[in-house]
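Here is how names work: the chains are called A, B, and so on, in the same order as the sequence lines, proteins then strands, and each is numbered from 1.
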Number of protein chains: 2
Amino acid sequence: MTTTGAGFRSTAEEQRERITVAALGVFADKGLHATPVADVATAAGVSPAYVFRLFAGKVGLFVAAVDRCYEQVAQVLSTAVRAGAAEDPAARLDAMTAAYVELIRDRSLIMIQVHAQSACDVPEVRDAVHRGLARVVETVTRDSGADPVAVQRFLAYGQLCHLVVQADLDPADGGWAQTITAGIAHAP
Amino acid sequence: MTTTGAGFRSTAEEQRERITVAALGVFADKGLHATPVADVATAAGVSPAYVFRLFAGKVGLFVAAVDRCYEQVAQVLSTAVRAGAAEDPAARLDAMTAAYVELIRDRSLIMIQVHAQSACDVPEVRDAVHRGLARVVETVTRDSGADPVAVQRFLAYGQLCHLVVQADLDPADGGWAQTITAGIAHAP
DNA sequence: GTGGTTACTGATCGGTCAGTCACAAAGCAG
DNA sequence: CTGCTTTGTGACTGACCGATCAGTAACCAC
């Protein structure tokens with residue numbers, strides 16, 4: 001490294017970055033236990049050995065991806081409310097809801113959350129989920145100005161969103177599916 | 001079998017039953033991919049080989065457990081509304097919500113649902129989730145008499161319940177955790 | 001050049017686990 | 001008893017996969 005300054009990102013750090021992004025996409029498909037590290041390595045264009053060198057085992061890699069996921073989610077929600085000119089808390093929450101539903105288009109951010117919840121028996125994953133939820137809840141609360149009850153409702157419908165995406169629910173599946181997916185656009 | 005009559009359950013069928021129950025409990029801990037079939041076999045007191053004889057592979061076993069789970073959930077909700085003397089749909093939904101929250105005590109039925117959602121990339125699992133959701137939604141809709149919007153809200157908060165249980169959220173974790181868990185008693 | 005650090009990989013190992021198969025034991029029919 | 005069916009298992013295997021390690025290539029300082 002030529003210019004070693006504070007905050008400079010070495011090539012290794014860049015790779016960690018790229019691999020984390022790749023991991024988010026790959027883990028989103030099948031989750032922690034059903035995804036070989038080799039798949040992530042291939043997607044990132046490096047060897048599996050190098051992935052293990054840059055991350056603390058498979059779990060460390062997964063945690064990095066989950067952290068990144070929640071980071072992005074918080075950012076999306078924050079951006080959504082700043083972009084809109086909504087004044088009252090309810091309208092701001094609506095803007096956030098719309099933005100979250102929009103996330104369905106790229107399913108990765110949604111799906112990896114479900115996989116992370118499912119892998120909460122692994123302590124490191126559980127901690128990452130806690131960190132992520134704290135971040136999201138605090139972001140939503142602060143940026144929307146809504147009361148806790150409204151924020152909780154926002155989160156509940158977010159979870160319903162996860163179910164729709166993960167189980168690939170389609171209103172055409174019947175009345176029960178329409179009940180679940182109502183208001184949640186399902187664009188394939 | 002001595003008395004072969006219609007509807008009679010052979011010993012093999014009884015074992016299938018016992019193994020399914022054991023599977024529900026064991027899979028609830030770590031999910032499909034992180035649970036060896038041997039663990040289920042041990043819990044059921046049979047050999048792994050026999051489990052493979054009675055079920056169509058590991059996935060078949062998991063699906064049986066998931067089906068059983070949704071069956072029990074639907075039954076619990078149905079019973080709750082029949083037991084109470086609630087007359088209007090809203091009160092009946094409240095009774096169901098209370099019953100569902102009560103399910104947290106035995107975390108198995110909640111946790112296996114999250115694991116099943118996470119394993120929806122396996123077609124058989126996805127189908128089982130669809131079957132289960134259809135059953136639950138139809139039961140709730142019929143027995144509560146509530147409109148689809150109210151039923152959807154019931155489901156959304158049910159999903160929030162899953163998150164609380166799976167991530168082992170505790171109000172003591174901070175304000176964010178209180179926001180999420182408000183109204184959902186967390187009895188350890 | 002030489003010495004040192006860093007980026008990266010091929011080869012491999014050890015363990016786990018889904019699934020199979022040949023076989024045993026128990027019941028029952030005749 | 002003999003033969004057939006059903007319940008049940010021990011022993012095995014083939015494949016996969018997480019993790020390691022020795023080693024190579026590139027870059028840089030001097």
Side-chain angles (χ1 to χ4, degrees), chain A residues 1-23 26-27 29-66 115 119 121-125, chain B residues 1-23 26-27 29-66 115 119 121-125:
Chain A
M1 49 193 90
T2 47
T3 56
T4 312
F8 175 80
R9 296 223 285 208
S10 77
T11 305
E13 211 55 41
E14 282 174 351
Q15 288 287 50
R16 229 187 296 265
E17 190 75 10
R18 292 186 48 225
I19 294 170
T20 301
V21 172
V26 176
F27 277 127
D29 281 341
K30 298 174 179 299
L32 171 60
H33 299 292
T35 307
V37 173
D39 285 8
V40 176
T42 302
V46 295
S47 72
Y50 194 47
V51 175
F52 281 101
R53 172 156 229 171
L54 293 183
F55 294 87
K58 190 190 191 181
V59 170
L61 176 62
F62 185 72
V63 165
V66 171
H115 291 308
D121 55 283
V122 181
E124 294 94 323
V125 174
Chain B
M1 49 193 95
T2 47
T3 55
T4 312
F8 175 80
R9 297 225 284 209
S10 76
T11 305
E13 211 56 41
E14 282 174 351
Q15 288 288 50
R16 228 188 298 263
E17 189 76 10
R18 292 186 48 225
I19 295 172
T20 301
V21 172
V26 176
F27 277 127
D29 282 341
K30 299 176 180 298
L32 171 61
H33 298 293
T35 307
V37 174
D39 285 7
V40 176
T42 302
V46 295
S47 71
Y50 194 47
V51 175
F52 282 102
R53 176 164 215 155
L54 293 183
F55 294 88
K58 191 190 193 182
V59 170
L61 176 60
F62 186 71
V63 165
V66 172
H115 291 309
D121 55 283
V122 181
E124 293 94 323
V125 174

Given atom [atom1] of [X] and atom [atom2] of [N], what is their separation to the nearest angstrom?
X: B:D39; N: C:dT16; atom1: CG; atom2: C1'; result: 12 Å
X: B:I19; N: D:dT7; atom1: CD1; atom2: P; result: 12 Å
X: A:L54; N: C:dT9; atom1: CG; atom2: P; result: 10 Å
X: B:F55; N: D:dT7; atom1: CZ; atom2: P; result: 13 Å
X: A:Y50; N: D:dG18; atom1: OH; atom2: C1'; result: 19 Å

In the 5'-to-3' direction, what one-character label does each nucleotide of nucleotides 17-22 of chain C receive under the scheme B = base within less than 4.0 Å of a protein heavy atom, S = sugar-phosphate only, - = no such atom?
-> SSBBB-
Between the main-chain N or O of A:L32 and the side-chain N or O of A:K58, is there a donor-acceptor pair closer than 3.5 Å?
-> yes
Might you point out which heavy atoms bring B:H115 and B:K30 nearest each other, and give the distance in Å?
-> CE1-C, 3.7 Å
Residue of the set B:D39, B:V21, B:V37, B:L61 for which side chain to side chain contact (heavy atoms under 4.5 Å, CB included) holds with B:V26 | B:D39
Report yes if the side chains of B:V66 and B:F27 come closer than 4.5 Å at any heavy-atom pair, otherwise no.
-> no
Min side-chain heavy-atom separation A:F55-A:V63 under 4.5 Å | no
Mind checking what makes side-chain contact (heavy atoms from CB on, under 4.5 Å) contact with A:A49, not counting sequence neighbours?
-> A:S47
Side-chain N or O of B:Q15 less than 4.0 angstrom from OP1 or OP2 on D:dG8?
-> yes
